[in-house]
Amino acid sequence: MRVVISGAGSVGRSIARELLHNGHQVLLMDRSAAAMRLSSVPDAQWLLADSCEVTSLAEARLETADVVVAATGDDKVNLVTSLLAKTEYGVTRTVARVNNPSNEWMFDEAWGVDVAVSTPRLMTALVEEAVTVGDLVRLFTFQRGQAFLVELTLAADSGLSGTRVGDVRWPADTVLTGIIRDGRPLAPTPDHTLEGGDELLLLTTAGSEDELASLLRGSGA
């Protein structure tokens, strides 16, 4: 897979290292000469260019990219980069970093963003996930904001404790994807029995999220 990353700061370089470690091809581009720290990611290709310029994206050969990651510290740059990648080059997948949570509403299909990653929101979710029992925590957003990965730690006195997974009437468009029990991940089957203290990972939609939260907090199946 060929990935073009706009923004060669600490975030962009970290992403590049992980992708290279996993065997992908990576091009890092940045408009700042100071960001051209080639020795920090020696296996990546580097390009001193502005990702908001079509000519720069042509130089980066965006038409051959499978994924474009807009990882700069400027939300305007990340939006424009994503939009150009989609509209001018038809890139299949765009991932954009959201720096200011108040701008998150703009990072959608209209701006060419497939996946928006908000570091402040993600950190908040991880904090809530670490300390919250019995409340639904949204961890990640997929499909332009239409689907969510959510987590809930089942309270010891939950009505679902002792219930078979196959007997739970899950809301529409909701899938139980994993159970973490005693620090170990389980792939849930209909015959698994839920227990207090289980961390449940589920995929759901905005329309089913409230119903799911009520189910998991309530009396169960």
Side-chain angles (χ1 to χ4, degrees), residues 1 3 11 14-15 18-19 21-22 24 67 69 71 92-109 113-221:
M1 181 171 69
V3 183
V11 173
S14 295
I15 296 170
E18 290 292 326
L19 290 169
H21 178 73
N22 292 335
H24 303 295
V67 181
V69 180
T92 303
R93 191 77 163 169
T94 58
V95 179
R97 173 187 176 187
V98 184
N99 296 279
N100 186 340
S102 66
N103 294 331
E104 193 171 358
W105 65 275
M106 292 188 290
F107 284 72
D108 59 12
E109 184 177 11
V113 177
D114 291 318
V115 178
V117 181
S118 172
T119 302
R121 181 178 292 278
L122 181 58
M123 291 182 69
T124 299
L126 292 173
V127 169
E128 290 178 335
E129 185 272 336
V131 301
T132 303
V133 174
D135 288 328
L136 206 63
V137 177
R138 187 183 294 182
L139 296 179
F140 204 76
T141 302
F142 301 94
Q143 292 297 317
R144 305 179 183 92
Q146 299 305 306
F148 310 108
L149 176 66
V150 297
E151 184 271 351
L152 178 136
T153 299
L154 211 60
D157 59 353
S158 170
L160 285 180
S161 182
T163 304
R164 290 176 64 256
V165 169
D167 293 333
V168 180
R169 298 189 184 93
W170 302 107
D173 302 320
T174 297
V175 179
L176 177 65
T177 60
I179 300 172
I180 300 175
R181 180 178 295 164
D182 298 326
R184 298 179 59 188
L186 301 174
T189 70
D191 291 327
H192 270 113
T193 300
L194 299 176
E195 299 178 4
D198 283 352
E199 292 181 51
L200 308 182
L201 299 173
L202 306 103
L203 287 173
T204 191
T205 61
S208 299
E209 200 170 17
D210 288 343
E211 184 181 351
L212 176 61
S214 297
L215 169 67
L216 294 174
R217 285 196 301 262
S219 58

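Predicted model only: the values in this text are computed from it and were never measured.
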Given side-chain contact (heavy atoms from CB on, under 4.5 Å), test R97 with V117 step by step and report yes or no. CA-CA 5 Å; R97 173 187 176 187; V117 181; 5.6 Å; no
- Go through T193 and E195 one step at a time and tell me if the side chain to side chain donor-acceptor pair (under 3.5 Å) criterion holds. CA-CA 6 Å; T193 300; E195 299 178 4; over 6 Å; no
Applying side-chain contact (heavy atoms from CB on, under 4.5 Å), run through L152 and L212 and close with a yes or a no.
CA-CA 10 Å; L152 178 136; L212 176 61; over 6 Å; no
Side chain to side chain donor-acceptor pair (under 3.5 Å) evaluation trace for T189 with D191 = CA-CA 5 Å; T189 70; D191 291 327; 5.1 Å; no
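Atoms CG and CG, from D108 and D114 in turn, are 11.0 Å apart once rounded to the nearest 0.5 Å. Distance check: R93 CZ to M1 CE gives 10.5 Å after rounding to the nearest 0.5 Å. With values rounded to the nearest 0.5 angstrom, T174 atom OG1 is found 9.0 Å from L215 atom CG. Once rounded to the nearest 0.5 Å, the distance linking CG of L186 with CZ of R184 reads 7.0 Å. Of the inter-residue distances, the one linking D157 atom CG with L160 atom CG reads 11.5 Å to the nearest 0.5 angstrom.
Looking at residues two or more places apart in sequence or on another chain, you find no side chain to side chain donor-acceptor pair (under 3.5 Å) involving D182. Partners of T177 under the side chain to side chain contact (heavy atoms under 4.5 Å, CB included) rule, at least two apart in sequence or in another chain, are L149, V175, L201, L203. Residues that satisfy the side chain to side chain contact (heavy atoms under 4.5 Å, CB included) test with N22, not counting sequence neighbours, are H24. Every residue two or more places apart in sequence or in another chain that forms a side chain to side chain contact (heavy atoms under 4.5 Å, CB included) with A71 is listed here: I5, V11, I15, V69. In this view, P188 and L176, I179 satisfy the side chain to side chain contact (heavy atoms under 4.5 Å, CB included) rule, not counting sequence neighbours.
Annotation: salt bridge (Lys or Arg N to Asp or Glu O under 4.0 Å) contacts involving residues 171-180, sequence neighbours excluded, are absent.
Side-chain contact check for V67 versus L19: every heavy-atom pair is 4.5 Å or farther apart.
Checking side-chain atoms of S208 against main-chain N and O of A172 turns up a donor-acceptor pair under 3.5 Å. Between the side chain of N100 and the backbone N or O of S102 there is at least one donor-acceptor pair closer than 3.5 Å.
The two residues E209 and V150 have their closest heavy-atom pair at OE2-CG1, 3.8 Å.
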